[in-house]
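Ligands are counted one by one from 1 in listed order, and the atoms in each one are counted from 1 as well.
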Amino acid sequence: MLIYTNENNPAALKLLIAANYSGTNVDKKIINVNDRTIQEPKHLPYLEVNEDSVIFVPNAAVWFLFPHPENVSTAVNEWLEWESTILAPSLAHVIGAGSKNEKIKSRLTSSFKKLNNALENKLYFTENNLNASDVTIWATLYPLYKDDVLSKEYLADCSNLLKWIKNVEQSPQVKDALNSFAISSATGAYQALLTGARYSLPTAPLPENVSNVSNQSPQHQHEVVTNEELQAAVNAWSKDVNQFPKLKSKPKVVLPNPSDRNILITSALPYVNNVPHLGNIIGCVLSADVFARFCRICNYNTLFIGGTDEYGTATETKALEEGLSCQDICSKYYAIHRDIYEWFNISFDYFGRSSAPEQTELCQDLFLQLNNNGFMFTESVEQLHCEKCNRYLADRFVEGGCPHPGCNYEDARGDQCDGCGKLVNAVELKNPRCKICRSTPKLKTSQQFFIDLPKLEPLLLHWMKKSAPGWSNNAQVIGKSWLREGLKPRCITRDLKWGVPVPLNDFRDKVFYVWFDAPIGYMSISKAYTEEWEQWWRPKPNHEITLYQFMAKDNVPFHAVMFPACLLGANRGYTTVSHIMATEYLNYEDGKFSKSRGVGVFGNDARDTGIPSDVWRFYLLYVRPESQDSSFSWADLATKNNSELLNNLGNFINRALVFAKNNFNKTIPEMKLNKDDFTFLVLCTRELNSYISCLEKAKLRDGIRHILSISRHGNQYMQSNQPWVLLKGSPEDKIRAGTVVGVCCNIACLLATLLHPYMPNTSDILKKQLNVTNTALNPESIEITQFLPPGHTLGEPSPLFTKLEPSRVEELKQKFAGKRGDSPVKMNGIKPMGINDLKVLEAEIAKQENKVKKLKSSRADKKLWQAEEAILVDLRKGLEHAQKSCPVNSVQEPAQEQIKKLEEEVSKQGSVVRKLKEGGANKADWQPEVTKLLELKSKLANLLGTPIVDGQKGKKKK
Ligand SMILES: Nc1ncnc2c1ncn2[C@@H]1O[C@H](COP(=O)(O)OP(=O)(O)OP(=O)(O)O)[C@@H](O)[C@H]1O
Ligand SMILES: N[C@@H](CCS)C(=O)O
């Protein structure tokens with residue numbers, strides 16, 4: 001028997017496996033799908049049983065080959081039919097053809113669920129033995145399973161299915177089939193399914209003016225492009241590049257324009273309670289930045305606002321831990337945040353602070369307006385009060401047992417339990433304790449303001465119906481679930497000192513709750529940016545503003561419900577959000593990042609690795625937790641850098657530019673394109689189309705994959721045309737070589753533009769190598785023209801990326817294993833300053849001094865350098881303060897000696913404990929020694945200002 005198939009086709013794999021199970025001897029013949037000399041092409045694959053008999057439906061061939069086909073049960077037949085009519089076509093269309101059809105996509109997702117459920121407590125689909133249904137489904141899923149990215153995307157929640165796939169993979173019949181028939185990539189495999197099915201169809205005639213000469217690569221032979229696509233590529237290529245829109249230059253102050261698409265973008269304002277971690281960065285600032293950069297290269301009129309959230313108990317807790325005033329903490333961390341975002345190249349138009357005077361003004365104003373409109377009321381509230389500290393204990397100042405049934409976590413915070421993840425009402429904590437002095441607080445009552453959300457609900461409901469369709473899926477789900485459950489009044493004031501004061505008599509000693517004031521920060525930061533801020537936030541009737549807000553899922557309720565409710569209740573025509581773009585969580589290896597608990601890689605760590613910020617940006621966006629939580633992994637970072645950036649993207653660009661330099665004197669040669677070249681341009685145009693449609697929807701993770709697909713096509717195009725061989729040939733061959741190189745340089749130029757949102761430094765470097773400056777995108781007309789016409793002189797090429805050596809990555813992994821960042825050392829809940837903190841402050845001061853000096857000497861606007869100078873003054877005050885509170889400075893002995901002595905004591909005590917335990921001593925004997933050891937460690941950590949790791953490197957403590 002003989003199997004006829006095209007390469008890479010998983011349907012052929014199932015025939016081979018089935019043949020192995022039946023012990024039938026089959027040969028295979030690979031058909032070149034471009035070969036039209038075959039008289040009667042049939043769908044591929046098919047099974048030739050003998051000269052007279054051909055089975056041309058693959059599942060029928062499996063059925064035929066499998067032992068005892070006559071005994072096949074109805075259940076097996078049903079699976080065979082379902083696989084051929086639902087599963088395989090969906091995979092071919094979604095992954096092979098890149099279909100965006102939501103119906104087919106959701107059919108695919110539910111197919112995986114169906115398969116997973118069918119395998120609950122079962123080894124195989126229908127019987128106790130592997131049979132035809134297992135083989136057909138397995139072969140079809142195999143390419144998806146083998147692709148790391150797709151497998152994570154589609155099969156992550158299908159544990160039964162994954163187990164089954166691995167199990168079947170082990171069978172000798174399957175292994176043998178895989179050895180004899182290679183499946184190279186998932187996309188290629190599902191494209192091969194499509195091409196195989198279309199093989200018998202007649203081909204489309206060529207556009208008139210295109211030569212039919214073809215050198216198509218095997219990969220491109222699988223691609224089916226239509227005549228219309230080819231014609232469009234021909235037309236686009238011949239357009240005058242000067243007709244293309246140029247990038248508009250940025251005005252000094254960006255204000256809305258009636259004739260423009262006005263895009264206002266905000267990134268959530270991270271608290272200033274630690275250095276931002278990679279989760280914060282991808283969750284808000286980096287995502288917003290990519291979108292802002294994309295909007296700018298499309299010439300949309302874009303304003304991007306960000307800043308730090310400085311009020312609230314997160315700041316107060318940190319101030320207590322570090323022995324600084326809240327103001328000093330804010331200045332210190334504002335500068336740290338700002339520097340990290342600068343390093344990550346976040347292109348804020350303005351990066352402000354929520355403790356600025358504009359915040360007090362706008363926050364009080366909005367509150368008074370809501371109060372006047374009847375949406376506020378007061379009520380007495382029970383709160384925990386610590387007599388020893390003489391303060392009410394808000395949220396994070398109290399800890400205790402989790403009140404939720406079934407959760408016995410003993411260190412739940414006053415706002416949330418990290419044991420079960422549920423929200424907590426501080427007064428319901430079991431055995432509450434003050435985080436500052438550990439004493440037991442008492443319940444006391446005081447009057448507070450509440451926002452009447454039930455009264456605002458109809459307004460909000462009406463608004464949400466219009467606005468929510470533009471939100472990310474998780475934002476819609478969270479927003480709607482809040483409304484479904486019915487809104488309850490929310491207390492918006494607190495008995496604290498650090499915050500915006502309530503502007504009414506009898507309440508002046510209270511401040512607003514941080515989540516009432518935080519989103520107002522977007523407006524107050526805009527106000528700090530320009531006095532004309534209301535043009536963005538209370539637009540004139542002819543100015544349409546579209547507001548995009550970026551954040552992670554935990555921030556959604558406040559942006560989908562609380563903030564819009566306040567803006568609607570104020571009834572002043574404020575801009576409300578049209579697009580809430582919320583991510584899920586990025587986890588660190590296997591746990592959640594946390595600033596306050598210091599789990600994960602932090603912005604400064606990333607900088608210190610020496611890996612360029614663009615590579616960090618690339619990787620974070622590649623694993624952006626768009627539809628489910630995802631993980632940062634060191635090994636994966638290296639793999640993606642080496643495979644996608646270095647071997648794929650960098651390789652394509654560098655090959656093209658070096659070739660142009662060495663053989664065409666850095667000049668774009670004459671280009672005479674044939675069908676093959678236009679087919680390549682069609683494939684790139686498709687990716688460009690998908691890139692733009694992804695970025696318009698802020699689907700940033702998918703967007704980057706389209707860039708990589710372009711360079712992948714580019715590598716295949718280069719490889720199959722082999723210009724290095726052509727150069728040695730006839731004069732026509734040399735022209736052909738020039739054409740291929742010229743087309744590749746043009747695609748490199750397109751890539752320089754598409755890379756800008758994701759990797760701005762790389763994009764700039766590449767533009768320099770291409771000797772181009774002004775590149776814009778035109779979403780209205782998506783096509784590829786000659787950006788670099790013949791005669792254009794290129795710059796000097798050099799490699800864009802370098803390899804990340806596995807040994808270096810392993811080093812980094814070890815270094816950051818179980819890193820707990822600047823998490824507080826818990827000494828009765830308070831962390832005094834250590835010398836490391838002093839060093840951080842000193843470094844920040846030096847940087848800030850430099851900044852102020854530069855600003856002054858550049859004759860920058862007075863307002864600008866004065867603001868920076870104020871930060872410098874705060875930082876210096878903070879240092880003075882800190883030096884007093886640092887234990888190192890309050891002891892006679894020189895710090896280093898004291899540290900050394902303590903280290904020795906820790907080591908000695910460690911061996912006492914070890915010996916006792918190893919010697920089988922009773923717990924009662926070794927426990928006091930362990931306590932002693934912990935005390936010593938805590939003293940040492942205290943002195944160093946670093947966290948205690950409890951000797952459990954690599955483990956995160958929750
Ligand atoms: N792991 C994460 N992945 C993605 N986004 C995150 C992650 N953690 C926080 N964010 C987002 O970063 C922004 C700042 O969050 P925040 O300052 O509360 O950090 P945090 O680590 O959650 O702090 P904490 O642990 O102290 O509560 C918010 O938009 C939040 O939704
Ligand atoms: N400070 C908040 C966001 C306010 S917009 C947070 O970090 O979660």
Side-chain angles (χ1 to χ4, degrees), residues 266-288 305-318 321 330 333-334 336-337 340-341 346 352-355 359 395-396 413-418 421 423-424 472 474-475 478 499 513-525 549-560 562-563 577 580-603 620-621 623-626 628-632 700-701 820-824 956-958:
T266 68
S267 145
L269 313 173
Y271 291 124
V272 280
N273 61 346
N274 209 329
V275 178
H277 53 63
L278 298 182
N280 302 136
I281 289 167
I282 186 62
C284 53
V285 290
L286 178 56
S287 295
I305 288 294
T308 41
D309 187 0
E310 305 197 350
Y311 287 132
T313 45
T315 306
E316 290 200 66
T317 314
K318 193 68 181 171
E321 281 168 11
C330 292
Y333 283 99
Y334 168 76
I336 292 176
H337 277 242
I340 287 176
Y341 303 145
I346 308 296
R353 310 177 58 171
S354 77
S355 66
Q359 176 78 350
D395 307 346
R396 295 186 177 206
R413 302 192 298 207
D415 53 353
Q416 193 166 20
C417 171
D418 278 343
L423 293 183
V424 166
S472 61
N474 56 355
I478 298 170
Y513 167 50
V514 65
W515 267 115
F516 176 71
D517 92 68
I520 298 171
Y522 302 128
M523 297 201 281
S524 73
I525 292 171
Q549 302 203 287
F550 286 81
M551 67 204 71
K553 56 187 169 187
D554 58 330
N555 285 179
V556 169
F558 305 99
H559 292 78
M562 280 279 283
F563 187 44
V577 64
I580 296 183
M581 294 305 179
T583 62
E584 298 290 310
Y585 274 142
L586 178 74
N587 293 320
Y588 178 62
E589 300 279 353
D590 53 3
K592 183 187 173 314
F593 280 93
S594 166
K595 280 207 273 105
S596 59
R597 285 158 200 273
V599 175
V601 177
F602 290 73
L620 290 174
L621 289 154
V623 294
R624 183 173 187 256
E626 225 150 80
Q628 59 190 27
D629 288 1
S630 64
S631 283
F632 167 87
L700 313 177
R701 182 184 166 119
R820 290 171 56 80
D822 292 341
S823 72
K956 281 168 227 100
K957 243 178 32 173
K958 271 272 163 191

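Below 3.5 Å of separation, one finds an N or O of D554 facing an N or O of ligand 1. Polar contact check, Y585 against ligand 1: no nitrogen or oxygen pair lies under 3.5 Å apart. Checking only distances, L269 does come within under 3.5 Å of ligand 2, N or O to N or O. Between P270 and ligand 1, a contact under 3.5 Å exists for no N or O pair.
The side chain of N555, and not its backbone, has at least one atom closer than 4.0 Å to an atom of ligand 2 (non-hydrogen atoms only; side chain from C-beta on). The backbone of E584, and not its side chain, has at least one atom closer than 4.0 Å to an atom of ligand 1 (non-hydrogen atoms only; backbone = N, CA, C, O). Only the side chain of Y522 comes within contact range of ligand 2, with a heavy atom under 4.0 Å; no backbone atom does. When non-hydrogen atoms are compared, ligand 2 lies under 4.0 Å from neither the backbone nor the side chain of F558.
By the 4.0 Å heavy-atom criterion, P270 is counted among the residues contacting ligand 2. Remark: distances from the non-hydrogen atoms of N555 to ligand 1 include one below 4.0 Å. Residue contacts with ligand 1 include H277, since one of its heavy atoms falls under 4.0 Å from the ligand.
V601 is listed as a side-chain neighbour of F632, based on a closest heavy-atom distance under 4.5 Å. S631 places none of its side-chain heavy atoms less than 4.5 Å from the side chain of V623.
Below 4.0 Å from some heavy atom of A268 lie the following atoms of ligand 1, by number and element: 29 (O). Below 4.0 Å from some heavy atom of D309 lie the following atoms of ligand 2, by number and element: 1 (N), 2 (C), 4 (C). Near L586, the atoms of ligand 1 lying under 4.0 angstrom from a non-hydrogen atom of the residue are 1 (N), 2 (C), 3 (N), 4 (C). Of all atoms in ligand 1, listed by their number and element, those nearer than 4.0 Å to a heavy atom of A552 are 4 (C), 5 (N), 6 (C), 10 (N), 11 (C), 29 (O), 30 (C), 31 (O). Remark: ligand 1 atoms within the under-4.0 Å shell around heavy atoms of N273 are 26 (O).
G521 and Q359 get closest at one heavy-atom pair: CA-OE1, 3.2 Å. Residue S354 comes nearest to Y311 through the heavy atom pair O-CE1, 3.4 Å, listed as atom of the first residue, atom of the second, then distance. Between Y341 and P270, the shortest heavy-atom contact is OH-CG, 3.5 Å.
In terms of the ring-ring contact (aromatic ring centres under 6.0 Å, His included) criterion, residue partners of F558 (sequence neighbours excluded) are, by chain and number, W515. Every residue two or more places apart in sequence or in another chain that forms a side-chain hydrogen bond (donor to acceptor under 3.5 Å, both in side chains) with Y522 is listed here: H559.
When the options T317, V514, T315 are evaluated for a side-chain contact (heavy atoms from CB on, under 4.5 Å) with Y271, the one that passes is V514.
Expressed to the nearest 0.5 Å, how far CG of N555 lies from CD1 of I580 amounts to 10.5 Å. For the atom pair CG of D309 and CG of D517, the computed distance is 6.5 Å after rounding to the nearest 0.5 Å.
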